[in-house]
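Right, one structure below, let's go through it.
As the structure lists them, so they are numbered: ligands from 1, and atoms in each ligand from 1.
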Amino acid sequence: MCGIVGYIGFQEAYPILINGLKRLEYRGYDSAGVALLYNDNIHVYKRKGKVQDLESYVNRQQPPATLGIGHTRWATHGEPSDLNAHPHFSQSKRFAIIHNGIIENYHILKKRLQDRGYHFESETDTEVLAHLIEEVYSVGNVTPAEAVRLALTKVEGAFGLVVVCNEEPDLLIAARRASPLVIGLGEGEYFVASDATPIVEFTKSVIYLNDNDIAIIRRDEVTIKTIKNDTVIPEIQTLNIELSAIEKGGYDHFMLKEIFEQPHSIQDSLRGRISHDLREVRLGGLDHMEDKLVAAKRIIIVACGTSWHAGLVGEYLIEELARLPVEVEYASEFRYRNPVLYPEDIVIAISQSGETADTLAAVKLAKEFGCTVLGVCNVVGSSIPRETDGGVYIHAGPEIGVASTKAFTGQVTALTLMAMLIGRKRNTLSEERFHDLVREIVRLPDVISQVLEQVNDQVREISEQYKDAANFLYLGRGCNFPVALEGALKLKEISYIHAEGYPAAEMKHGPIALIDENMPVVFIATKDKSYDKILSNIQEVKARKGNVIAVVTQGDSTIENLADHVLEIPVIDEILMPVVAVVPLQLLSYYIAVLRGCNVDQPRNLAKSVTVE
Ligand code: G6P
């Protein structure tokens, strides 16, 4: 939520900031702004709307500053407007600040500042920080960096922030608590950003700030200390993403690119994890805790959104293959519910971004109870992997479209490997079944390629027919029930059509009342142990004149005669079906949204990385 970027160096700052904001726009797109320090003045340009609106507003009138900061906002306090857009000035315009996060005690701080004569222009919590820093600076006889540090000792809540001061033309001050910040190290130049995407074309050397770190950045050096003023020796890491991974590469939208990337991203999730002789699964991030996994009595999965759906598939996989009881919790509910946890419990946090505030808080809570906490994350170096005891990166590469696609299939692939590994170690999975599964899982990239080739045009045609539907129902059973939920979520998120996912057998307990000739019903009806039952469910829908779109196993002539449309997917072990069956549903939501003229990559009111609670 909210993207922030900063630059200090010898190049013109503005183009770097604008391009950086475009890359970070997935984090929020309610407004955008930049502040440029030039000739001892801070020039602020900000606008409601997208980064492109900001660019038109600036209209190349910006000064050629070599230091600046930029922000793209997902509104929390105060509606999206020019005034509430960041950067925010302090009263005398000496400081300007950009901020991602929420200042929880902002009411108290604001009241105190107002009593001392500070005037507020916006409704944001961020402006409180700007005035607070100025006040500490004015009364404390301290440096600007020290003023930021001291001000932050009074602040409760979450922040990733960058501050500039008009009296210091060679200084950026960045700080973080619970909102991500990464510093890119160039030669005579430094970059700061919410993630590495604005940085990767300039440098691969980065420092990820830790909670309560504050970075004092000058053109020739960066110094890091804690908010308590302790010195920090930073760890310099090397980025392993390429520029091409964060560009559209000829596709109309990132979402479509990411759907089509899945054969590769799944290959990357599998890479190095299966021995050449197909006899072993190895997950380096779990090596040191195999004993704990084998001894575990229960696994609890915490996640939000699409990652929660991956967790539901994970529950099925782990219970089936490793015979361990699994509970899947919405991270937000889990953390506020006084959960019953034991030190022997294994908690798995699933998160594409690794930054979702509720999931991160759930991780911290589980650690307080002494549980072993694992992460299944995509963004390398993000907060959740750094908080957990171990885990598995899905290596799906940067996911930019707000609606998650390749991260879901990567998460389910990683969870399958985990379930197989634990199942084998616990001896609940026979050697023979294990080998069968290994042989099947390595086929996934080819099978997904085949699906994409087979159904893409057909899904586009079907989308034409149903683009104006007001509602959709998605039904599946067993491990395909979470796929139904995920299909419905994808459609809601990007096309704004109301859609619900249900276990197919539950249809008769309510949703069947909704079915008439205007209701499209998507069935995931592949050949598995509940096939006969789902066949009956299809008949029940047809008897009420519903329109059936069925995802079926290749060669299924029974459903072909029943359904209005069938989307055939290749035969694969039923345990792996969710990874395959979700692909036509991703395409369906994509094409319907495009036909309805929706902004697919940046759906209204959503953000990719939800760092507020
Ligand atoms: C947001 C995104 C979803 C995502 C969810 C969880 O709501 O729009 O696509 O599934 O956050 O994000 P995470 O990064 O934790 O997987």
Side-chain angles (χ1 to χ4, degrees), residues 1-3 24-30 74 76 100 178-180 194-195 197 253-255 258-259 265 301-314 328-335 347-364 374-388 391-394 396-412 414-415 482-483 485-496 501 582 585-586 589-590 593 598-613:
M1 324 239 90
C2 298
L24 292 172
E25 209 166 14
Y26 72 86
R27 301 178 66 88
Y29 27 83
D30 291 331
W74 188 87
T76 56
N100 164 210
S179 296
S194 303
D195 71 31
T197 55
H253 297 98
F254 280 111
M255 183 178 175
E258 287 156 9
I259 292 174
S265 55
I301 295 179
V302 290
C304 303
T306 289
S307 298
W308 184 77
H309 294 157
L312 291 179
V313 183
V328 187
E329 303 264 3
Y330 284 117
S332 53
E333 291 296 315
F334 174 81
R335 57 181 289 208
V347 173
I348 304 178
I350 309 178
S351 173
Q352 185 287 129
S353 61
E355 299 293 348
T356 299
D358 284 322
T359 313
L360 186 56
V363 164
K364 289 181 178 162
L374 309 179
V376 174
C377 295
N378 189 31
V379 179
V380 176
S382 56
S383 299
I384 292 173
R386 289 190 292 141
E387 283 285 336
T388 43
V392 183
Y393 277 120
I394 65 171
E399 191 182 63
I400 314 261
V402 165
S404 184
T405 52
K406 63 174 179 171
F408 176 79
T409 48
Q411 288 163 343
V412 176
L415 288 164
V483 177
L485 291 177
E486 177 58 8
L489 176 65
K490 287 285 84 74
L491 191 71
K492 272 186 279 219
E493 279 180 305
I494 61 169
S495 72
Y496 319 138
V582 77
L585 309 190
Q586 296 169 340
S589 64
Y590 172 78
C598 299
N599 186 338
V600 172
D601 283 337
Q602 294 169 351
R604 71 184 178 207
N605 306 339
L606 298 178
K608 184 140 195 78
S609 186
V610 182
T611 52
V612 296
E613 294 167 8

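Near ligand 1, Cys304, Gly305, Thr306, Ser307, Ser351, Gln352, Ser353, Thr356, Val402, Ser404, Glu493, Ala607, Lys608, Val610 each place a heavy atom less than 4.0 angstrom from the ligand.
Closest approach of Ala349 to Thr359, counting heavy atoms only: CB-CG2, 3.9 Å.
With sequence neighbours excluded, no residue forms a side-chain hydrogen bond (donor to acceptor under 3.5 Å, both in side chains) with Asp30. By the side-chain hydrogen bond (donor to acceptor under 3.5 Å, both in side chains) test, Thr197 pairs with Asp195, sequence neighbours left out. Every residue two or more places apart in sequence or in another chain was checked for a side-chain hydrogen bond (donor to acceptor under 3.5 Å, both in side chains) with Ser495, and none qualifies.
Here CD of Glu387 is found 11.0 Å from SG of Cys377. Values are rounded to the nearest 0.5 Å.
With Gln411 as the partner, the side-chain contact (heavy atoms from CB on, under 4.5 Å) test is satisfied by one option alone out of Val392, Ile350, Val313: Ile350.
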